[in-house]
Each structure stands twice: as C-alpha cells, then as structure tokens.
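Right, one structure below, let's go through it.
For reference, positions follow the sequence shown, starting with 1. Quantities reported herein were computed from a predicted structural model and do not represent experimental measurements.
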Amino acid sequence: MSPNPRAEMLFGALVADAAALGVHWIYDPQRLTDIAAANDGNTAFTPIDAAHYEGVPSYFAHSARQDGDLTQYGECLRIAIAAMIADGGQFDVTSQQDAFVAHFGPGGSYTGYIDRPTRGALQNIVQETSPTGIDDDQLPALTRLPAILAARSDDDTAAMEITNVNVIAAQYSAAFKTLLTEILSGADLTTALSHAADTAHSDIRSALQDALSTTETSSTDYAEKT
C-alpha cells in the first residue's frame, strides 16, 4: 500500500497519545528519568501505576483507564475524526459539539478525568454560548488540528474554539499547523521544526527557537532548566 502522509499523521498522533498515558501529568523530570531507566530507556507505554505519581509534583488522573487507552486528548482527536467521517469529510461545528457532549458529557461513553476546558465547553454547549470554548491555553486547543489538516480543511480556528478561546493557545495552534503542514508537504522534521519556530508569533518564537538550538541532549534535564 502506498504511503499516505495524512493517515500516518492521524495514526501517529493516536499511537503517541496512547504511549503517553502511563506518565501523563508527571511533572518531575527525575521521576520520568527513573521510569525510563526501568522501561528499556524510554517512557512509551509505561503501565499505569499510581506509585509513579507518589512523592513528586504530579496528578494521577487515569485510575479508570487501561494500558493502551487514549488520554482525554487522544479521545478528542478520535471523536473529531469520527464526526468528520460521518459528515463526509467536512468539519461541522454543531456535529462536533454534539459528538463532544455525547462522549464527554453526563452519561457519555468516556470514563475518566476531564480538564477545565472540557468542563467549560460542555457547559457552554448546553447553554448555546458561541464560541463554546473558554479562556484557557491547555491542550484541548490542539487536539483536533490533525483531523482538520488530514481533511485539507481550513477550519482550524473553529475547531480550537470548541474548547479554547485564548491568545496563547491560538499562537501555539498556528505554530503546530505550520509544522504539520510542512511535514505533509514533504519537508524533513528538522526543516519543518525550524520553519515553525522561526515563523511563530513573537510571544512564543524565542522559546521554540531555544528548544531547537539547545545543546542539552536530555529532555528531562532541559525540562528542569525551563
């Protein structure tokens, strides 16, 4: 089968999200280093274990999830993909909101923790507020973007504003869009990252450029410095 960059982007996003579940919301770099050392040198697909969260800055949110499940953010992408398929590849805000409520809302199929933007969006959807997002820069802002780009849609702002209406979120969403667009166009990862950083909004540009230019080879050591 011929390579399909857009399908690979979606599969990659979903697999990477599932791989992160076991260390999601551990904020202590040394704990992550220790977990990696006991897991063949990386943290991917670390089994869910409440003990990993004890005694360090963290939040254990996934007691109701199982190894291999998606996090809340992967679930956002999955239901966005499903809703767009049902709509013939189009992004329809109302359909997306209905799918969001059906999955994350009371009586929905999702079991697990939901964050502040998700709770706020659910309330605003019920109250028919437009847009339904809240002023928050957390990750739901970016979750639907791969689905938007896979369908060659330009509804990225509308997709973000289902959960987030925030300046910083919009700036990082634009940079992420640039990165994915470059890769889908055939650019290598290094070139795509550099272009995304160099063209990012001035408020976030230096942080992205610093991350790319650092000589620090350990991501956990770099996290401690930043």
Check: With sequence neighbours excluded, what pairs up with H103 under the ring-ring contact (aromatic ring centres under 6.0 Å, His included) test?
Finding: Y110
Check: Is there a donor in the side chain of D137 and an acceptor in the side chain of Y172, or the other way round, less than 3.5 Å apart?
Finding: no
Next item on the list: Take T178 and H195 through the test side chain to side chain contact (heavy atoms under 4.5 Å, CB included) and record every step on the way to the result.
Entry: CA-CA 8 Å; T178 298; H195 187 242; 3.6 Å; yes
Note to self: Quick check: is I183 connected to F176 through a chain of hydrophobic side chains (ILVMFWY, heavy atoms under 4.5 Å apart)?
What the structure shows: yes
Notebook entry, point to check: Can you tell me if S95 and D98 form a side-chain donor-acceptor pair at under 3.5 Å?
Noted result: no
Notebook entry, point to check: Would you say I26 and I35 make side-chain contact, with heavy atoms under 4.5 Å?
Noted result: yes
Checklist line | Minimal non-hydrogen separation, V165 against P131, with atom names | finding: CG2-CG, 3.7 Å
Checklist line | Passing candidate, ring-ring contact (aromatic ring centres under 6.0 Å, His included) with Y59, options Y113, Y27, Y53 | finding: Y113
Margin query: Measuring only between side-chain heavy atoms, which start at C-beta, is Q72 closer than 4.5 Å to H24?
Written below: no
Item checked: Q90: partners by side-chain hydrogen bond (donor to acceptor under 3.5 Å, both in side chains), with sequence neighbours left out -> none
Notebook entry, point to check: Can any side-chain N or O of R31 pair as donor or acceptor with the backbone N or O of H52 at less than 3.5 Å?
Noted result: yes
Check: Who are the salt bridge (Lys or Arg N to Asp or Glu O under 4.0 Å) partners of D155, not counting sequence neighbours?
Finding: none
Item checked: Minimum heavy-atom distance between T132 and I162, given as atom pair plus value -> OG1-O, 2.8 Å
Next item on the list: Work out which heavy atom in L10 is nearest to a heavy atom in A150; give both atom names and the distance.
Entry: CD1-CB, 3.9 Å
